[in-house]
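Nothing fancy with the numbering, it's 1 onward along the sequence.
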Amino acid sequence: MLCLLLQLPQDIQESFEFHLQAVVWLATFRLVTLKKEERQSPEAGTNNCRLRRSEQPIPFMLSSYSSPFLALRQRRMPELASFFYYSNASVIGNSRLREPQEEAYLAIRRYFSRPHKLPAMVEIPTGCGKTGIIAIAPFRVARGRVLVIAPNLTVRDTIVKSLAYLGNSRSNGELTFYLKCNIFEKAAQLPKVTVLDRQRSNLSDCLLADVVVTNIQQLGSWIDRFSPEFFDLIIVDEAHHVPAESWQRVNQTFPQAKKLYLTATPFRSDGLPIVAKPIYQYPLSRAIQNDYVKNVVRVDAVASKLTFTLEGQTHEFTLDEIAELREEFWFSRGVALSEICNRTIVAASVTLLTQQRQSGVFHQMLAAACSIRHAQQLVELYQTAGLRATYVASQGMTREEREARLQAFEEGRFDCVVHVGILGEGYDHPNVSVAAIFRPYRSLSPYAQFVGRTLRRIPSGGEADNLGYVVGHVGLNLEPLWQEFKSESRHGKFRNFLKDKPVAEHNADDRAEADEKAVPEILNQEITGLDVDVFCPTVALETGYRDAPDESLQDLLAKLAAAAPARLAARWEDEPGATRPGMRVEPVDTQNRPDLERNQVRRELNQEIRRAAGFIVTDLQLADDGSLVALLGENGELTNFEVVIRSLNRELNHLMKKDEHQSNRNDWNIDELRTAVPMVRALRDMLLFKIRLVTGTRAARMRKH
């Protein structure tokens with residue numbers, strides 16, 4: 001071997017000597033690792049590998065892929081059994097907690113102090129601190145890991161923002177609930193939170209977490225990975241979804257876990273039962289009186305005469321006849337899709353928004369549409385009325401595009417957002433003071449959820465600023481739902497059914513296309529007044545019928561009618577996109593987010609590999625001619641850079657004892673990733689030497705001439 005070395009050129013001799021040292025170093029490193037594995041094997045017991053929360057390393061290479069997860073699970077069990085139950089969290093007597101938060105917490109503790117078969121149910125109005133209850137509920141209740149389930153991404157992200165500490169510039173002033181309310185004094189004391197995501201989290205993140213947050217759709221692809229005892233407490237937000245089959249699967253998978261349901265609307269569209277024991281309820285009227293939420297004002301435009309065509313025949317109806325017809329869904333849907341009726345709702349909502357903004361507070365508006373096409377038409381109407389408007393939908397656009405539009409709305413770049421099936425529940429933005437309804441609702445739950453979007457109080461606003469207006473049209477038949485909403489919220493009624501059987505979900509509000517009767521085309525209407533009702537009447541707010549809309553409303557109606565023939569389609573390409581050049585990515589503090597911390601190390605490893613590949617290509621002065629493809633390529637690489645990248649990844653996987661089924665870095669735990677990062681430089685130098693030997697020439701001779 002020495003003779004062969006002496007026959008090589010001087011520069012290769014020096015390089016070989018260096019890399020021989022690297023090989024010796026790696027061999028020594030591997031030997032130390034094997035010794036660690038022996039010490040921490042199951043035969044040696046688990047006491048030696050029980051670590052404190054602040055300690056990080058665990059064996060990074062074990063005999064099987066599941067072994068690191070098993071070791072991590074064993075290490076975390078004692079911590080989980082004691083963290084929530086014996087934590088020094090400041091809850092009882094905490095002056096920063098709201099009345100319903102502390103009362104609900106005490107009710108939860110009382111209920112779970114003894115075994116119960118039924119889940120506990122807490123009803124609290126939107127805007128009163130439901131997410132805060134989720135944050136404090138596990139303390140002195142859970143003796144293990146907590147699972148928080150949301151019905152959709154909007155609700156999930158709201159919960160995560162409250163639980164997880166992110167110390168970047170965007171979150172300054174919006175600290176986690178634990179720090180803001182002095183539940184804990186330091187970020188290091190917070191529960192560790194993992195968010196389930198197929199692309200950004202894995203089982204090791206869940207094992208490291210005290211709290212796992214997910215939406216029900218994402219949980220479906222994860223649920224089989226968890227053992228029945230993985231979670232000790234399961235908290236379900238927006239619990240009116242629970243009777244659905246997908247939610248019942250959670251009950252079947254974790255039968256022994258304590259279960260806590262929270263909702264602002266404890267009733268379902270289809271009337272199916274919510275199997276739970278009501279333990280606490282906080283009425284909306286009390287929340288308004290205590291200034292936790294806005295007072296709600298319903299405003300319906302009243303048409304004294306309405307003319308429409310249906311199946312070739314023209315019909316004209318008076319107010320009394322409209323009141324009878326509006327109970328027919330085909331009629332209320334015709335009103336919803338009529339531009340003439342839409343103009344009235346637009347004009348009334350814009351007038352109210354303009355009046356509110358006279359205080360100097362930047363009020364905004366949400367609107368509910370029947371479809372994407374309907375939403376686009378409403379956006380055009382609002383733009384004609386002088387507002388900056390956009391729309392978001394649950395389908396027909398990417399998640400990134402939807403989030404970009406909502407972010408622009410929250411930053412004040414839009415006055416109005418029209419939504420289609422996405423912001424009915426869980427979306428909280430205090431500046432939303434007007435909710436414009438352009439669709440018929442057939443049941444209370446979705447109607448109450450949308451009305452709830454206006455409840456979030458504006459802390460800096462006065463009494464007039466903390467009014468939430470719900471604007472509609474008499475032909476939409478929303479009056480019965482409004483009256484039921486007032487009754488259900490004021491008295492806090494529960495539909496408490498004790499029939500424990502799984503049922504399929506059915507949304508009665510998405511049956512618009514099922515009505516076979518043709519939709520009428522509205523030809524003309526006469527708006528003679530506004531019907532106004534206040535949830536909690538005050539001296540300044542009178543309930544009743546108001547004759548003839550004021551001049552500003554009439555002027556706006558005339559403007560919308562005149563612009564109708566020449567209205568141009570909205571230019572959606574001008575909307576804020578998913579990515580905006582020049583946006584600076586802020587550093588993220590991941591103190592209580594194991595999933596984000598692991599992904600940060602994962603990105604660091606990927607960047608280290610790319611830097612190593614760039615170093616090799618530059619050092620060898622390789623042209624982009626694919627000269628290495630035939631020599632080292634294995635997986636259809638086209639360029640030299642691709643060959644080097646994949647060669648580095650293969651060598652790293654080999655050193656980390658990962659086969660082709662375990663090569664996905666998202667499946668690696670954080671300790672494996674941390675171990676891999678410093679190995680890349682040695683691999684870089686070894687691969688550089690290997691390429692020189694394989695090509696049989698010096699770097700300078702490989703330059704393309």
Side-chain angles (χ1 to χ4, degrees), residues 131 148-164 166 168 170-171 174 193-202 205 212-223 237-238 241 244 246 364 366-376 379 389-414 416-429 432 446 449-450 453 507 510 570-586 588 590 593 595-596 598-600 602-603 664 666:
T131 307
V148 180
I149 309 175
N152 54 50
L153 291 173
T154 303
V155 179
R156 186 202 72 178
D157 293 346
T158 299
I159 295 171
V160 172
K161 186 177 180 181
S162 181
L163 299 182
L166 297 177
N168 59 4
R170 280 192 63 192
S171 66
E174 299 179 10
V193 179
T194 284
V195 180
L196 288 192
D197 190 301
R198 280 190 294 267
Q199 304 301 322
R200 299 188 182 94
S201 54
N202 65 22
D205 299 329
V212 175
V213 184
T214 182
N215 57 306
I216 187 63
Q217 296 81 5
Q218 189 73 248
L219 181 61
S221 62
W222 281 81
I223 198 166
D237 195 14
E238 307 295 352
H241 295 280
S246 55
Q364 291 172 288
L366 281 183
C370 296
S371 64
I372 291 179
R373 182 180 178 183
H374 188 210
Q376 292 172 341
V379 167
T390 188
Y391 78 93
V392 293
S394 56
Q395 298 177 346
M397 63 173 54
T398 65
R399 177 182 173 183
E400 291 76 16
E401 186 178 12
R402 182 167 59 245
E403 289 178 349
R405 293 184 183 185
L406 287 176
Q407 182 178 337
F409 176 65
E410 291 165 8
E411 291 173 354
R413 288 185 275 148
F414 286 115
C416 173
V417 166
V418 183
H419 90 93
V420 184
I422 190 66
L423 300 181
E425 66 181 6
Y427 181 73
D428 294 319
H429 181 50
V432 174
Q449 288 288 344
F450 185 61
R453 299 315 104 215
N507 188 349
D510 290 331
R571 297 177 58 190
W572 304 114
E573 65 272 18
D574 292 335
E575 296 289 346
T579 58
R580 290 184 293 281
M583 286 187 65
R584 186 165 63 94
V585 179
E586 299 288 349
V588 176
T590 58
R593 288 292 302 276
D595 52 341
L596 295 186
R598 183 183 57 81
N599 275 286
Q600 203 166 58
R602 178 184 165 198
R603 286 192 295 271
N664 186 348
N666 191 49

Checking Val193 against Asp595 for the side-chain contact (heavy atoms from CB on, under 4.5 Å) test, could you report, in this order, the C-alpha distance in whole Å, the side-chain angles of both residues, the deciding distance, and whether it holds? CA-CA 8 Å; Val193 179; Asp595 52 341; over 6 Å; no

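- Distance check: Gln395 CD to Ser371 OG gives 12.0 Å after rounding to the nearest 0.5 Å.
- With rounding to the nearest 0.5 Å, the separation of CD in Gln217 from CG in Leu153 is 7.0 Å.
- Cation-pi geometry between Arg453 and Tyr427 is not satisfied (NZ or CZ under 6.0 Å from the ring centre, within 45° of the ring normal).
- In terms of heavy atoms, Leu219 sits closest to Ile149 at CD2-CD1, 3.8 Å.
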Before giving the answer on side-chain contact (heavy atoms from CB on, under 4.5 Å), spell out for Gln407 and Glu403 the whole-Å C-alpha distance, their side-chain angles and the decisive distance to 0.1 Å. CA-CA 6 Å; Gln407 182 178 337; Glu403 289 178 349; over 6 Å; no

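- The shortest non-hydrogen separation linking Ser394 to Gly421 is CB-O, 3.4 Å.
- The structure places CG of Asn666 at 10.0 Å from CZ of Arg200, a figure rounded to the nearest 0.5 Å.
- The shortest heavy-atom contact between Thr158 and Thr154 is OG1-O, 3.0 Å.
- Contact between Ala369 and Val420 at its shortest, heavy atoms only, is CB-CG2, 4.2 Å.
- Taken to the nearest 0.5 Å, the CZ atom of Arg156 stands 13.0 Å off from the CD1 atom of Ile216.
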Do Phe409 and Val432 pass the side-chain contact (heavy atoms from CB on, under 4.5 Å) test, and can you show the C-alpha distance, the side-chain angles, and the key distance before you say yes or no? CA-CA 10 Å; Phe409 176 65; Val432 174; 4.0 Å; yes

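- Within the 4.5 Å cutoff, the side chain of Asn202 has heavy atoms near those of the Arg598 side chain.
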Begin from the C-alpha positions of Val148 and Asp237 and carry the test side-chain contact (heavy atoms from CB on, under 4.5 Å) through to its verdict. CA-CA 7 Å; Val148 180; Asp237 195 14; 5.5 Å; no

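- Distance CZ/Arg405 to CD/Glu400: 13.0 Å, rounded to 0.5 Å.
- Contact record, Gly220 with Ile223: O-CG2, 3.8 Å, taken as the closest heavy-atom pair.
- Within the 4.5 Å cutoff, the side chain of Leu596 has no heavy atoms near those of the Asn599 side chain.
- Exactly one residue among Leu163, Val195, Thr194, Asp205 makes a side-chain contact (heavy atoms from CB on, under 4.5 Å) with Arg593. That residue is Val195.
- Here CD of Glu401 is found 8.0 Å from OG1 of Thr390. Values are rounded to the nearest 0.5 Å.
- Taking both residues in full, the closest heavy atoms of Ala389 and Val379 are given as O-CG1, 3.7 Å, listed atom of the first, atom of the second, then distance.
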